[in-house]
Amino acid sequence: MSDAESKRLDPNVRQTAAEKATGDRTDTLLRTDGLVKTFGGFTATDEIDFGVDEGELRCLIGPNGAGKSTLLKLITGTLTPTDGRIYYDGHDITGLAPNERVGRGISMKFQVPSVYGDLTVRENARLPVQQFADGEERRRLVAESIEAAGLAGCEEVPASSLSHGQQQQLEISMVASLEPDLLLLDEPVAGLSVEERSEIADRVTRLNDEEGIAFVVIEHDTDFVAEIADKVTVLHEGDIFREGSTEEIESDPAIQRIYLGTDGDSGGDRR
Ligand code: ADP
Ligand code: MG
C-alpha cells in the first residue's frame with residue numbers, strides 16, 4: 001500500500017469536504033456542489049455540479065439563457081449563490097469576496113469588454129501589474145503583457161482607438177497578468193473576424209500549454225471550440241446537459257435539438 005493510500009484509509013486523518021473535492025490527492029482544481037442561483041422566481045442555475053481539472057481547457061456551450069454567464073459569475077463571486085458550495089484548490093471559497101478569489105488564482109474576462117478607453121494601452125496593461133510589482137520588474141511585466149497582446153508599438157494609443165479584436169487581446173493580457181491558475185473567459189471571440197478568432201485561439205492555447213493555466217471558455221463558435229477544447233460542457237436550462245469531447249458533442253443529435261428549441265415543452269428560448 002502506498003503512503004498516500006494508507007493516509008487516505010486512516011480514520012484519524014480527517015478531510016474537509018473541500019479537501020475531498022479538490023485537495024492534494026486529486027487533480028480537480030475547481031468543483032461546484034449543487035450550485036443554485038435564482039433571480040426572483042426564476043432559476044438560472046439548477047443544482048449544478050461542475051468540475052475543472054488542473055491545467056484543463058474546458059469550453060462551456062449552450063443556448064442563450066442556459067445559465068453560462070451566471071455559472072462563471074458564481075465562480076468569481078460576482079454573484080452570490082442561492083444554494084450550494086464552491087470548492088477551489090482544497091478550500092471552500094463560497095463565502096469569499098471576488099478580490100479574495102482573484103488572490104487565490106481565479107480571474108475572469110467578462111462578456112462586455114472592459115478596457116479603459118480613455119487610458120492608453122500601456123496604462124491599461126499597467127493596472128493589474130502595479131498591484132504587485134514596481135520599478136524595473138513592473139516595466140518588464142507591462143512590456144511582456146503588451147507584447148503578448150500583439151500591441152508592441154501601440155503603447156501610447158488610447159485603448160478606445162484599438163479594434164475590437166485588439167481590445168480583447170489587451171484584456172486577456174490584463175487578466176493573465178494576475179497570474180491566475182484558472183481563467184474564465186465569457187465569449188472572447190464574439191463579433192471578431194475569422195483571423196482575429198484564430199489569434200485568440202492561439203493565445204488561449206499558448207497560455208494553457210506554456211503557463212499551465214486552466215480555462216473555462218464560453219463560446220458559441222463551433223470551429224473555435226473544436227480548435228481549443230480538451231473537453232466540452234453543454235448547459236441547458238440551468239443544468240449540465242452533456243459533457244464530453246468535441247467529437248462526442250458535435251455528433252450528438254440531442255444537442256442540435258436544444259439549440260433549435262425542439263426538445264420538448266419548454267424549448268430553448270429562455271432569453
Ligand atoms: P447565458 O450566459 O447562458 O446566455 P445567463 O447566465 O446570462 O445565460 O442567464 C441565464 C438566465 O438568467 C437568463 O434567462 C437570464 O435572463 C437570467 N438572468 C441572468 N442574470 C439575471 C439578473 N441579474 N436578473 C434576472 N435574471 C437574470
Ligand atoms: Mg452569457
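Note that ligands are numbered from 1 as they come in the structure, with each ligand's atoms numbered from 1 the same way.
Residue contact check for ligand 1: G62 places no non-hydrogen atom closer than 4.0 Å to it.
When hydrophobic clusters are built by joining Ile, Leu, Val, Met, Phe, Trp and Tyr residues whose side-chain heavy atoms come closer than 4.5 Å, directly or via intermediates, V216 is grouped together with L96. F50 and L184 fall within a single hydrophobic cluster, where Ile, Leu, Val, Met, Phe, Trp and Tyr are joined by side-chain heavy atoms under 4.5 Å apart, directly or via other members.
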Inset, instruction - Would you check, one step at a time, whether the test side chain to side chain contact (heavy atoms under 4.5 Å, CB included) holds for L151 with L162? - result: CA-CA 10 Å; L151 292 171; L162 298 175; 4.1 Å; yes
Inset, instruction - Evaluate the criterion side chain to side chain contact (heavy atoms under 4.5 Å, CB included) for residue pair L72 and L60; output intermediate values, then yes/no. - result: CA-CA 10 Å; L72 295 200; L60 187 58; 4.1 Å; yes
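Between E144 and R140 there is a salt bridge, since a side-chain N of the basic residue sits under 4.0 Å from a carboxylate O of the acidic one.
The Mg ion (ligand 2) lies at 2.8 Å or more from every N, O or S atom belonging to N64.
Less than 4.0 angstrom separates some heavy atom of N64 from each of these atoms of ligand 1: 4 (O). Residue contact check: A44 has heavy atoms under 4.0 Å from atoms 12 (O) of ligand 1.
Checked against a 3.5 angstrom limit, the closest N/O atoms of F42 and ligand 1 fall outside it.
Closest heavy-atom approach to atom 10 (C) of ligand 1 within the set P63, G65, G40: this belongs to G65.
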